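What you see is a predicted model, and the numbers here were worked out from it, not measured in a lab. Whatever order the structure lists them in is the order used to number ligands and atoms, beginning at 1. Sequence positions, counted from 1, serve as the residue numbers for this chain.
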Amino acid sequence: MSELQEKILAVLNDGGFHSGEALGSALGVSRTAVWKQLQKLATMGLPLESIKGTGYRLAQGFELLAAVDIRAHLSAASPRHIDVFHSLESTNTFAREQAAKRDYAGSVVFAERQTAGRGRRGKEWLSPFGASIYMSVLWDFEQGVQALQGLSLGVGVAVRRALLELGLADVSLKWPNDIYVKGKKLGGILLEMVGDPEGHCSVVIGIGINVSMPIAIGQNIDQPWTDLDSELLSAVSRNKLAARLIDEIFTLLADFETVGFSAYRDEWESADAFSGLQCAIITPRETVSGVLSGVDNNGAVRLRLADGSIQRFIGGELSLRQV
Ligand code: ATP
C-alpha cells in the first residue's frame with residue numbers, strides 16, 4: 001500500500017466526510033491524485049461512500065483495526081505484541097519471519113488485506129481490504145509435534161466459542177479446519193510449524209473470518225461462503241471480534257500441551273458439520289467413502305465404511321467432501 005494511500009486512510013478514519021480538494025490540500029497532492037488513490041482503495045475492498053459536492057467517507061460503522069482498540073476489548077489474554085498492518089503478503093508469512101528474527105512468541109499480527117492469503121496446499125484465501133479478520137498467532141511449544149496433535153481442531157473450537165459469544169447462533173466445524181454457518185464457509189484456519197518437530201518448536205496459527213465480504217469479490221470464491229454481516233442481526237465491531245478471538249485462542253494455547261485435544265473433543269464433535277453424513281475422504285492416492293463418525297483424541301477423522309469397520313485419517317494432504 002502506497003504512502004499516499006496510508007495517509008488518505010488515516011484522514012478518513014475519523015468517519016467524517018472529506019472533499020477531494022480538502023484531502024488533496026491536506027496531503028499536498030492534486031484532487032485527481034486523491035481520486036485515483038480512492039478508486040484503487042475501493043477496488044481493494046475499502047468500503048467508501050461518496051456524495052457529490054460533499055466528499056468521501058468510510059461506510060458507516062466501518063472501523064479500521066487498531067492495536068489499542070483490540071487491547072481495550074481483551075479480557076483474558078495479554079499478547080506480547082499486537083501488530084496491525086494495512087497490507088501484508090500473508091499474516092502467517094509475517095509471523096514465520098518474526099519467529100526467525102526475534103522473540104515473537106505469544107504475539108499476534110493482523111492485516112487489513114493480504115496480497116497472497118493462503119489456504120491449505122497452496123490454495124488462495126481471498127483477502128480484500130477491511131472485509132474480514134486475517135490474523136496469525138505465534139506460539140512456542142516444548143514437547144514437539146507429538147503433543148500438538150489435534151491442535152488445529154482445538155483452534156476451531158476456540159474460534160467457534162468466540163463467534164458464539166458475539167451472538168452467532170449456529171457455528172459448525174468441518175474437519176480439519178473450516179468454520180461453517182448453515183453449510184457455508186465463514187472462515188478457515190491454517191497451522192504451520194516452525195522449528196524442531198522433536199523438541200522446541202513454534203506454531204503459526206492463521207485465521208481468516210469473513211465479516212463484510214463485498215459480493216463482487218466474493219463471487220470469485222468457488223464454494224458456498226458467507227460473512228458475519230449476513231449472519232448476524234447487528235454489525236459486529238472487528239476490533240471486538242479480534243479481541244474475542246485472541247482471548248479464546250490464548251486460553252486454548254495456554255494449556256493445550258498439558259490437556260491435549262481430548263479436552264476439546266466432545267465440543268468439537270457436537271459442532272461437527274458433517275457428522276453422520278455420507279462423505280468421502282480424498283487422498284492423493286485414493287477416495288474412500290463412508291459415514292462420518294466423529295474424531296479421535298489425536299484429531300483424526302473417523303469414517304465408518306460399508307463393512308462396518310472404522311477407518312481413521314490424519315494429515316495435511318486430505319480433503320473431506322460430502323457426497
Ligand atoms: P480442504 O482443504 O478440506 O479441501 P478447502 O477446499 O475449503 O478444503 P482450504 O484450504 O480450507 O480448502 O480453503 C481454501 C478454499 O476456500 C479456496 O480454494 C476457496 O474455495 C475458499 N475460499 C477462499 N477465500 C475464501 C474466503 N474469504 N471465504 C470463504 N472461502 C474462501
[options]: member with heavy atom nearest to [atom]:
atom: atom 16 (O) of ligand 1; options: Lys185, Arg121, Lys123; answer: Lys185
atom: atom 31 (C) of ligand 1; options: Trp225, Tyr180, Trp175, Trp125; answer: Trp125
atom: atom 25 (C) of ligand 1; options: Asp222, Leu318, Ile282, Ile221; answer: Ile221

Pull out every atom of ligand 1 sitting under 4.0 Å from any heavy atom of [X], numbered as shown with elements.
X: Asp178; result: 7 (O), 8 (O), 11 (O)
X: Gln223; result: 5 (P), 6 (O), 7 (O), 15 (C), 16 (O), 19 (C), 20 (O), 21 (C)
X: Asn210; result: 26 (C), 27 (N), 28 (N), 29 (C)
X: Gly119; result: 10 (O)
X: Lys174; result: 3 (O), 8 (O)
X: Met213; result: 27 (N)

Which protein heavy atom lies closest to [atom], and at what distance to 0.1 Å?
atom: atom 24 (N) of ligand 1; answer: Leu126 N, 2.9 Å
atom: atom 3 (O) of ligand 1; answer: Arg120 NH2, 3.1 Å
atom: atom 4 (O) of ligand 1; answer: Ser319 OG, 2.4 Å
atom: atom 17 (C) of ligand 1; answer: Glu124 O, 3.5 Å

Whether over 12 other heavy atoms sit under 6.0 Å from [X] [atom1]:
X: Trp225; atom1: CH2; answer: yes
X: Gln278; atom1: CD; answer: yes
X: Glu198; atom1: CD; answer: no

What do we get for Leu190 next to ligand 1 when only non-hydrogen atoms under 4.0 Å count, side chain, backbone, both or neither?
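The answer is neither.
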Can a salt bridge be assigned to the pair Asp83 and Arg102 using a cut-off of 4.0 Å between side-chain N and carboxylate O?
yes
Would you call Arg161 and Glu165 a salt bridge, taking side-chain N to carboxylate O under 4.0 Å as the test?
no
Under 3.5 Å between some N or O of ligand 1 and some N or O of Asn177?
no
Decide whether Ile246 and Val211 are clustered together by the hydrophobic rule: side chain heavy atoms of Ile, Leu, Val, Met, Phe, Trp, Tyr closer than 4.5 Å, transitively.
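Yes, same cluster.
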State, with a plain yes or no, whether a side-chain heavy atom of Lys174 is found less than 4.5 Å away from one of Lys185.
no
Measure the shortest side-chain to side-chain distance between Ile207 and Ile133 over non-hydrogen atoms and say whether it is less than 4.5 angstrom.
no
Would you list the atom pairs, donor with acceptor, under 3.5 Å between side chains in residues 282-289 and any protein atom, with sequence neighbours excluded?
residue: Thr283; atom: OG1; partner: Arg285; partner atom: N; Å: 3.1
residue: Thr283; atom: OG1; partner: Glu286; partner atom: N; Å: 2.9
residue: Thr283; atom: OG1; partner: Glu286; partner atom: O; Å: 3.2

Are the ring centres of Phe94 and Phe85 closer than 6.0 Å?
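Yes, the ring centres sit under 6.0 Å apart.
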